S.K.: 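Structure incoming, see below.
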Protein chains: 2
Amino acid sequence: MSRRVTLKEVAKEAQVSPATVSLVLNNKPSRIAKETQQRIRDVAARLHYVVNENARGLVTNETRLIALIVPDIENMFFASLARHLEDACQEAGYALFLSNSDDRRANESALMTNYLARDIDGMLLIPSLESYRQPRQLQRQIAAAHCPVTLIDRLVTARICDGVGFDNVQGGRLAARRLLEARHRRFACISGQTDDINASNRMQGFVDVLRSHHIDADDILLLNGNYRFTGGYELADCVLDFGATGLFCCNDLMAMGVMQRLAEHDLHVPQALSIVGYDNIMRRFGMTSQLTTVEQDVHELAVRSWECLYRHIRLHDTGRDCATATSVTLLEPRIVEGATVADAPAKVFA
Amino acid sequence: MSRRVTLKEVAKEAQVSPATVSLVLNNKPSRIAKETQQRIRDVAARLHYVVNENARGLVTNETRLIALIVPDIENMFFASLARHLEDACQEAGYALFLSNSDDRRANESALMTNYLARDIDGMLLIPSLESYRQPRQLQRQIAAAHCPVTLIDRLVTARICDGVGFDNVQGGRLAARRLLEARHRRFACISGQTDDINASNRMQGFVDVLRSHHIDADDILLLNGNYRFTGGYELADCVLDFGATGLFCCNDLMAMGVMQRLAEHDLHVPQALSIVGYDNIMRRFGMTSQLTTVEQDVHELAVRSWECLYRHIRLHDTGRDCATATSVTLLEPRIVEGATVADAPAKVFA
DNA sequence: ATGAAAGCGCTAACAC
DNA sequence: GTGTTAGCGCTTTCAT
């Protein structure tokens with residue numbers, strides 16, 4: 001572990017001034033002798049010189065640093081998103097720093113402050129659930145930030161900055177249509193926690209379509225799950241008792257939990273129960289290839305989010321950014337056919 | 001999005017010198033009038049002043065920044081580790097920046113350079129598979145780093161810096177002993193890719209114990225999987241054809257794939273096949289509560305890794321760090337009892 | 001073709 | 001009690 005070499009030391013060793021070294025190492029247009037250039041590069045390499053980006057940022061006023069705050073890095077959806085975002089940033093020559101708010105406003109706030117203190121060029125933020133419901137504090141913090149902020153996936157209502165997410169209501173609609181198509185008439189929906197607006201929206205879209213197809217409220221069972229395997233597992237019996245033939249789970253993990261429970265009852269999917277999941281994020285493991293599910297294209301989300309932030313960064317560098325109205329982009333989910341939806345058992349028309 | 005406020009501006013607004021502001025805002029011992037202090041704090045708050053950590057780092061020569069590079073953030077084991085490490089760093093007043101090498105040396109190298117250029121105080125590194133097999137390049141880079149580096153989980157052989165990981169050979173032994181205990185005499189083991197040394201070590205420990213218990217090589221089937229659900233699923237039939245009654249999967253995901261395939265054959269676990277998995281990382285989803293598995297305590301790994309790095313950071317701050325011999329810490333895995341191992345069917349002694 | 005000097009935002013020693 | 005000064009490592013005019 002060697003001490004850090006500075007530009008000045010390189011300059012001295014190469015018998016030139018610091019300014020010359022800077023020009024050469026940054027490939028700035030200059031008319032410095034080819035020979036001198038080579039000498040400088042050689043010395044820099046030999047000494048393992050690496051520029052101090054912080055010092056550079058101080059004078060250039062850009063750090064080429066992007067911060068990403070996710071609520072839960074152990075959630076595969078966010079992990080996958082992080083990965084795609086990193087690719088996007090890297091391609092544009094930015095480094096992505098990632099942190100985890102654990103879905104709590106206090107952590108989120110501390111992280112934001114920390115990142116802003118690091119003089120980042122932009123921030124990608126998936127708000128904590130707490131901020132999703134009570135956005136005021138977060139909004140104030142974003143307004144005070146010195147750099148552009150783009151919200152992802154959880155779009156807090158008042159439009160304080162741009163956001164990119166999915167149309168969750170539409171996702172719920174897709175699920176409902178698919179089950180109606182298979183002639184089901186009695187349904188259940190396992191949503192997320194009551195304070196998760198995205199999950200609620202999925203359920204909302206689902207119910208809306210059912211109602212508009214004249215499904216009676218008595219034929220729809222609405223449940224709140226925990227977005228985990230266990231949540232589906234534990235609620236499966238309720239769904240069976242209710243006699244639903246079509247089930248919509250607001251994420252795949254719960255759908256798998258339900259299937260596990262059904263297997264224990266020696267019941268088969270989709271004969272005993274048709275299931276539509278949500279996310280298709282576990283497909284990476286080859287685990288949900290069987291599941292009919294509403295897919296959210298994480299890659300698209302990442303690309304669009306980055307585009308949005310990058311646009312603001314460029315605006316911010318040049319003139320003023322403030323003028324533009326904030327925009328909210330909603331991406332369309334799509335349904336992916338698996339093998340967990342079958343036609344409802346034929347029945348005498350009631 | 002407001003422009004950034006500097007300390008100087010706060011000073012001017014509060015009618016004091018920059019130095020005074022610095023002293024007050026950093027709570028440095030000084031005898032500045034209570035009244036002045038309050039005035040400064042008020043102004044700072046009103047102007048939304050936030051210190052520029054980069055500028056500060058330039059003079060204090062510590063950034064309180066830690067870098068973490070993982071091979072694959074979508075792998076739950078690494079995601080979970082990242083989370084625990086972040087907690088540890090945060091508690092010590094450091095910020096953790098996370099990146100993803102995608103298991104490739106080239107990315108890893110670029111990320112390291114980038115982080116080192118950011119003047120981080122320390123680096124936590126899980127080497128890419130490429131570096132795990134061909135450590136020379138990585139070793140050179142670590143040797144040239146200006147800050148301490150701690151290796152995690154994949155301990156490259158030549159001891160260029162400290163490392164903390166698990167005893168994978170021991171994990172394999174535990175699995176073997178558990179199956180022998182249940183009187184199995186014919187085994188299969190699904191390992192990882194041939195270049196994954198950790199997976200190979202697990203298999204090695206497994207085989208060693210079997211052989212030392214006089215299990216014939218003909219009674220042991222060795223397979224290379226892909227560490228995914230599909231890997232287990234696809235190899236399940238091989239295991240059945242071989243007639244193994246005890247199976248060791250080098251991770252839980254493959255174990256689940258096997259179980260899925262068995263279910264399709266209407267075979268039950270553990271009656272038809274006893275299975276020991278590895279990781280217990282999906283337990284977070286409530287998915288493997290049933291699986292008998294070798295557990296690696298991620299939290300312990302995180303804590304010990306951070307302790308190790310932190311020790312070096314402190315040494316590095318004070319005198320020289322170089323003198324100390326590098327140490328490798330191997331943590332012990334432990335077996336977690338589930339419901340997937342049963343006694344082998346009774347049999348006439350051959 | 002190269003160097004000198006100023007300054008980015010901050011802290012730390014030392015004046016006053 | 002508070003201000004002055006120098007300097008962290010770097011880039012960027014502007015001289016020469």
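Computed from a predicted model, the values in this text were never measured in an experiment. Just so we're on the same page: letters track the sequence lines, and every chain starts at 1. Below, each value reflects all heavy atoms present in this structure, side chains not excepted, and no hydrogens, waters or symmetry copies.
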S.K.: D:dC8 P sits how many Å from A:Arg3 CZ, rounded?
M.R.: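 In whole Å, D:dC8 P lies 12 Å from A:Arg3 CZ.
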
S.K.: Measure CG/B:Asp119 against P/D:dG9 and give the value in whole Å, please.
M.R.: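 Rounded to whole Å, this separation is 9 Å.
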
S.K.: For nucleotides 12-16 of chain C, which of its nitrogen or oxygen atoms have a protein nitrogen or oxygen under 3.5 Å away, and what is each distance?
M.R.:
| unit_1 | atom_1 | unit_2 | atom_2 | d |
| --- | --- | --- | --- | --- |
| C:dA12 | OP2 | B:Lys28 | NZ | 2.8 |

S.K.: How many whole angstroms separate atom CG of B:Leu116 from atom P of D:dG9?
M.R.: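 To the nearest whole Å, that distance equals 16 Å.
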
S.K.: If I take atom CG in residue B:Asn52 and atom C1' in nucleotide C:dT11, what distance separates them, rounded to the nearest angstrom?
M.R.: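 Whole-Å distance recorded here is 13 Å.
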
S.K.: Which of these, A:Arg39, A:Arg46, A:Lys8, sits in a salt bridge (Lys or Arg N to Asp or Glu O under 4.0 Å) with A:Glu13?
M.R.: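 Answer after filtering A:Arg39, A:Arg46, A:Lys8: A:Arg46.
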
S.K.: Sequence neighbours left out, what passes salt bridge (charged side-chain N to carboxylate O under 4.0 Å, His left out) with B:Asp87? Give chain and number order.
M.R.: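 B:Asp87 satisfies salt bridge (charged side-chain N to carboxylate O under 4.0 Å, His left out) with no other residue.
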
S.K.: Determine whether the side chains of A:Asn26 and A:Arg56 contain a donor N or O and an acceptor N or O closer than 3.5 Å.
M.R.: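 Side-chain D/A pair, A:Asn26 to A:Arg56: present.
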
S.K.: Scan residues 5-17 of chain A against DNA chain C and write down, sorted by residue number, each residue with any heavy atom closer than 4.0 Å; if none is found, say none.
M.R.: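 Heavy-atom contacts with DNA chain C come from A:Gln15, A:Val16, A:Ser17.
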
S.K.: Distance only, no hydrogens: is a donor on one side chain within 3.5 Å (strictly under) of an acceptor on the other, for A:Arg118 and A:Asn114?
M.R.: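 Yes, because at least one side-chain N or O of A:Arg118 sits under 3.5 Å from a partner of the opposite role on A:Asn114.
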
S.K.: Does a side chain donor of either A:Gln134 or A:Arg136 reach within less than 3.5 Å of an acceptor in the other side chain?
M.R.: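 The answer is yes; a qualifying pair exists.
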
S.K.: Between C:dC10 atom P and A:Arg118 atom CZ, what is the distance in whole Å?
M.R.: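 In whole Å, C:dC10 P lies 13 Å from A:Arg118 CZ.
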
S.K.: Could you please spell out the steps behind the salt bridge (charged side-chain N to carboxylate O under 4.0 Å, His left out) verdict for A:Glu307 and A:Arg311?
M.R.: CA-CA 6 Å; A:Glu307 279 174 7; A:Arg311 188 159 15 92; over 6 Å; no

S.K.: Could you give the CD-to-P distance, from A:Glu35 to C:dA1, as a whole number of Å?
M.R.: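 Going from CD in A:Glu35 over to P in C:dA1 covers 13 Å.
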
S.K.: Would you check if A:Leu65 and A:Glu53 make a side-chain contact, meaning some heavy-atom pair closer than 4.5 Å?
M.R.: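 A side-chain contact under 4.5 Å is absent here.
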
S.K.: Return the 5'-most residue of the pair B:Thr36, A:Val50 with respect to DNA chain D, ranking by each residue's nearest nucleotide.
M.R.: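 In this pair, the answer is B:Thr36.
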
S.K.: For A:Arg39 and C:dA1, what is the distance between atoms CZ and C1' respectively, to the nearest whole Å?
M.R.: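 Taking atom C1' of C:dA1 as the reference, CZ of A:Arg39 is at 12 Å.
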
S.K.: Mind telling me whether B:Phe97 and A:Phe97 have parallel, tilted or perpendicular rings, with 30° and 60° as the class edges?
M.R.: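 Parallel: the ring planes of A:Phe97 and B:Phe97 meet at under 30°.
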
S.K.: Using the C1' atoms of the five pairs at each end, what is the angle between the end axes of the helix from C:dA1-D:dT16 to C:dC16-D:dG1, to 10°?
M.R.: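 Both end axes considered, the difference amounts to 50°.
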
S.K.: Do any pairs count as a ring-ring contact (aromatic ring centres under 6.0 Å, His included) and have a residue in residues 35-88 of chain A, sequence neighbours left out, and if so which ones?
M.R.: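 ring-ring contact (aromatic ring centres under 6.0 Å, His included) check on residues 35-88 of chain A returns A:His84-A:His299.
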
S.K.: Choose from D:dC10, D:dC8, D:dG1 the nucleotide whose nearest atom is closest to any side-chain atom of B:Leu58.
M.R.: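 Nearest nucleotide to the side chain: D:dC8.
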
S.K.: Output all residues satisfying side-chain contact (heavy atoms from CB on, under 4.5 Å) with B:Glu130, sequence neighbours left out; order by chain, then residue number.
M.R.: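 B:Glu130: side-chain contact (heavy atoms from CB on, under 4.5 Å) contacts with B:Arg104, B:Arg105, B:Ser128.
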
S.K.: Could you tell me whether the side chains of A:Glu108 and A:Ser131 share a donor-acceptor contact shorter than 3.5 Å?
M.R.: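 A:Ser131 and A:Glu108 do have a side-chain donor-acceptor pair below 3.5 Å.
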
S.K.: CZ of B:Arg4 versus P of C:dG9: gap in Å, rounded?
M.R.: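 Result: 9 Å.
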
